[in-house]
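Everything below concerns the one structure shown next.
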Amino acid sequence: MTAALKYFWPFEEKHKITYFFFAWISCQLCTVRALPEFTQQTNNDTIIASIWDNVASANDLFHWEDYSVLAAMVFVSCAIGVYYGYFGENQMTGDDFLLGGSSMGTFPTALSLAASFITAIELLGNPAEMYMAGGQFWMICIAFILVVPITSRLYLPVFMRLRLTSCYEYLEVRFCKTIRIYASGLYMMQMILYTAVAVYAPALALSDVTGLNTYLAVSLVYVVCIFYASQGGMKAVIMTDSFQSAVLVGSLATVLAMGASRVGGLEAVWKHASLTDRLHFFDMSPDPTIRHSFWSVVVGGTIYWTSMFCANQASVQKYLSVERISQVRVALWVSALSLIAVFSVNFITGAVLALHYANCDPIQAGAINGPDRLLPLYVVRDLGDSHGVPGFFVAGIFAASLGTVATTLNSLSAIACQDFVTGLLGIRLPENKGALIARWVCLICGALSFILVFAVERLGPVLQLALSFNGMTGGVSLGLFSLGMLFPWANAKGAVAGGIFGLLVVLVAGGGAQFVQVPLNRLPASTDGCPATYNSSQITHLSDNDDPVFWLFRLSYLWYSGLGCAATLVAGLAVSIITGVTDPANVPIDLISPPVITCLNSLPNTLKRALRVPLRVESQRRRSSSVRPPTMGDDKDTRRRRRLSELAGGVFYSDAPTLTHGHENYALDLENPSPDEHKQAMIKLEDSDGFNTQSSVC
């Protein structure tokens with residue numbers, strides 16, 4: 001029997017996942033095609049049927065050219081995963097799979113960073129924002145510029161010197177294991193939920209307008225992502241993101257070019273946007289409850305994007321996929337400029353939509369039931385006569401969803417392996433099985449997020465809260481990393497208290513906002529030019545709610561990250577002072593941001609003594625704080641990380657249970673340190689080799 005099974009199933013173990021997924025794709029396609037189209041009958045659906053005389057079926061809206069374009073994008077994405085999984089350089093260790101062996105190129109990494117930040121929700125939401133409220137939110141592009149030097153100078157050097165696969169391991173090295181598990185658990189919950197929402201919401205929008213089955217779209221995205229992310233690892237994710245970013249930009253540029261040419265050119269678009277007050281960029285009101293003002297977009301947006309660049313596992317993991325810090329800095333600038341380009345094209349497209357629908361607003365007319373349906377409606381109904389364009393557009397939306405899911409799965413795999421299996425449970429994964437284990441963890445995380453999609457559609461009002469949750473938790477994580485890197489006096493108890501308090505504050509603010517449902521203001525729209533088939537009963541009107549609402553519930557969502565970060569810092573520092581601050585001399589220099597070290601060195605000696613800062617904080621002996629000298633007994637990942645850490649001028653901290661703080665780090669001691677002071681400065685965690693160590697506690 002066994003021989004017969006081997007005859008009919010002659011594949012190696014590592015190939016079984018590939019054939020399993022191809023079979024799964026076939027089953028999903030057959031099952032979804034057998035399901036009836038997702039046509040939940042609502043009042044809006046009845047209105048659509050009565051308003052649009054030329055309502056077409058899915059077959060009329062999508063032609064073979066459109067399906068061919070979409071299929072080509074999916075096929076290339078899978079092919080990249082197959083190549084790096086089976087034909088590229090062999091991936092054996094965990095770092096080979098999760099970090100691409102730290103051998104990725106600068107430009108692909110930059111494109112991958114940008115692609116991971118551009119979700120399908122933003123691609124559909126930004127044009128709708130320009131159409132509904134104007135261009136104030138475009139000022140977020142200033143935040144993209146500001147966040148690069150903040151990331152490059154304050155946070156990036158620490159990550160590149162430590163070379164920790166999970167960025168949350170820093171929190172254990174700096175504080176304690178409790179805060180590491182708390183932050184990584186928060187990230188896993190945030191990303192699994194957000195990914196499900198970020199895929200389902202645009203799929204539903206496309207379904208309502210194009211007739212594509214929602215479950216087919218969601219299943220296709222998840223199956224393809226799980227396949228190439230679990231087979232090719234970080235290399236496949238980055239290279240596929242590069243390809244998908246080209247598809248995304250190409251589709252957006254095509255829609256903009258065709259749309260602008262049909263409404264009289266960009267000059268006419270600009271003139272109409274100016275006449276309809278859509279070019280306001282400098283609402284300087286300091287009121288934090290205004291949804292989009294200059295301050296909320298630029299300042300609040302900068303804090304939000306700083307959390308995405310500096311306190312997000314997916315971003316840090318891509319930083320570590322290259323060798324040198326200079327490569328990451330170049331990649332950050334390229335990704336920031338790419339984000340500016342995509343957002344700019346999005347907003348100009350929104351201005352095109354405003355001119356096209358100037359006399360017949362499809363939202364107020366009831367033709368669509370949400371602003372995120374606006375762009376798909378325009379592409380399918382008005383550009384659909386050019387066969388292949390709707391397919392190209394849908395491929396771009398799918399590319400954004402694929403990039404979001406693939407990056408998330410890879411980061412969740414790293415978190416699960418490093419923080420929970422190794423960090424929490426203390427299970428050391430064998431080096432030669434690291435890649436295989438990471439593959440299966442990636443597959444499980446993807447399946448869990450996919451299953452959650454079917455719960456997401458029943459969330460109702462909680463759906464928007466799930467989207468806002470991304471910004472809430474990001475601010476808390478940024479506060480924890482800032483507490484460790486910028487304030488050497490902070491202690492573990494302060495970090496735990498700050499993390500809990502910060503999360504509670506933003507949950508109250510965000511949850512209250514969703515509960516009271518403050519109505520959004522929009523620019524005036526007209527239905528005077530709508531077809532004669534309209535009647536007054538079919539025109540929908542926005543309701544106003546003048547009931548007083550507590551100011552915290554009216555706070556702009558762009559301030560959630562700043563609120564969470566500030567609450568975490570204030571509570572963390574306060575509790576640290578109450579319980580006894582950490583002596584800065586006992587904090588290894590590689591755990592502190594370099595500008596902070598420069599600032600401390602510039603202080604007068606009297607102020608240094610008052611703040612308990614060493615009289616001389618230098619980095620010449622940075623590597624003296626290594627756990628132990630490198631030996632031939634180190635595994636491949638350890639030797640690689642030590643080498644790359646030295647390239648960044650830092651020290652390698654092993655992600656094994658043994659962690660050393662300040663061991664023989666004379667640069668952090670006073671000018672005449674004693675052996676007893678060195679002994680007190682050492683904090684070790686007990687490892688399997690039987691070292692006599694002392695554990696840091698919260």
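Along the sequence shown, residues carry numbers from 1.
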Nearest 0.5 angstrom please: M234 CE to S112 OG, how far?
7.0 Å
What one should report as the nearest heavy-atom pair of A400 and A120 is CB-N, 3.7 Å
Write down the atom of K235, the atom of M104, and the distance for their closest heavy-atom approach.
CG-SD, 3.5 Å
Check: L375 and F393 side chains under 4.5 Å, non-hydrogen atoms:
yes
Spacing of I192 atom CD1 and S449 atom OG [to the nearest 0.5 Å]:
6.5 Å
Backbone N or O of T408 within a donor-acceptor pair of the S411 side chain at under 3.5 Å?
yes
For the pair F159 and F481, evaluate ring-ring contact (aromatic ring centres under 6.0 Å, His included) and give the outcome as yes or no after the intermediate values.
CA-CA 11 Å; F159 291 126; F481 282 104; 5.7 Å; yes
For S242 and S245, work out which heavy atoms get closest and say how close.
O-OG, 2.6 Å
Checking side chain to side chain contact (heavy atoms under 4.5 Å, CB included) for the pair S219/F450: CA distance, chi angles, key distance, verdict?
CA-CA 8 Å; S219 300; F450 175 68; 3.7 Å; yes
Whether the side chain of T240 engages the backbone of V237 through a donor-acceptor N/O pair (distance < 3.5 Å, no angle test) should be reported.
no
Is there side-chain contact between F243 and P108, with heavy atoms separated by less than 4.5 Å?
no
What closest approach, in Å, do S344 and C141 show between heavy atoms, and which atom pair accounts for it?
OG-SG, 4.4 Å
Should the heavy atoms of other residues, nucleotides or ligands under 6.0 Å from CH2 of W270 be counted, would the total exceed 12?
no
I'd like to check V255 versus F392 (side-chain heavy atoms, cut-off strictly below 4.5 Å). Are they in contact?
no
Provide the closest heavy-atom pair for P371 versus M132 in the form atom of the first, atom of the second, distance.
CB-CG, 4.1 Å
Using modelled atom types and a 3.5 Å cut-off, is there a donor and acceptor pairing between side-chain atoms of Q244 and backbone atoms of L402?
no
Exam field: side chain S315 to backbone M308, donor-acceptor pair closer than 3.5 Å:
yes
Answer whether the closest heavy-atom distance between the side chains of V148 and R329 falls below 4.5 Å.
no
Check against side chain to side chain contact (heavy atoms under 4.5 Å, CB included), V247 and F398:
CA-CA 10 Å; V247 175; F398 271 46; over 6 Å; no
Looking only at atom types and distance, does a side-chain atom of S116 sit under 3.5 Å from a main-chain N or O of L113, one as donor and one as acceptor?
yes
Would you check, one step at a time, whether the test side chain to side chain contact (heavy atoms under 4.5 Å, CB included) holds for L111 with S335?
CA-CA 6 Å; L111 293 180; S335 63; over 6 Å; no
Carefully, step by step, assess S166 and Q418 under the rule side chain to side chain donor-acceptor pair (under 3.5 Å).
CA-CA 6 Å; S166 168; Q418 298 296 322; over 6 Å; no
T407 side chain to T404 main-chain N or O, any donor-acceptor pair under 3.5 Å?
no
Rounded at 0.5 Å granularity, tell me how far CD1 in I348 sits from CG in L256.
6.0 Å
Can a donor-acceptor pair be found, under 3.5 Å and without considering hydrogens, that links the side chain of Q317 to the backbone of N312?
no
Step by step, work out the ring-ring contact (aromatic ring centres under 6.0 Å, His included) result for F309 and Y155.
CA-CA 9 Å; F309 276 82; Y155 300 91; over 10 Å; no
Kindly indicate whether the side chain of Y131, heavy atoms from C-beta on, has any atom under 4.5 Å from the side chain of L374.
yes
So, does S261 use its side chain to make a donor-acceptor pair with the main chain of M258 at under 3.5 Å?
yes
Would T473 and Y187 count as a side chain to side chain contact (heavy atoms under 4.5 Å, CB included) if you check the C-alpha gap in whole Å, the side-chain angles of each, and the deciding distance to 0.1 Å?
CA-CA 8 Å; T473 57; Y187 176 81; over 6 Å; no
So, do V249 and V342 sit near enough that their side-chain heavy atoms are less than 4.5 Å apart?
yes
To the nearest 0.5 Å, what is the distance between OG on S321 and CD on Q327?
9.0 Å
Looking at T422 and C417, would you say the former's side chain and the latter's main chain have a donor-acceptor pair under 3.5 Å?
yes
Are any side-chain N or O atoms of K318 and backbone N or O atoms of T109, one a donor and one an acceptor, separated by less than 3.5 Å?
no
What's the spacing between F347 CZ and E129 CD if we round to 0.5 Å?
6.0 Å
Side chains of H356 and L353: closer than 4.5 Å at any heavy-atom pair?
no
First locate atom CG of N410, then atom OG of S230, and finally report the distance between them rounded to the nearest 0.5 Å.
10.5 Å
Of the non-hydrogen atoms in L154 and P157, which two are nearest, and what is the gap between them?
C-CD, 4.2 Å
Could you check whether F144 and F343 have their ring centres less than 6.0 Å apart?
yes
Kindly indicate whether the side chain of Y222, heavy atoms from C-beta on, has any atom under 4.5 Å from the side chain of T195.
yes
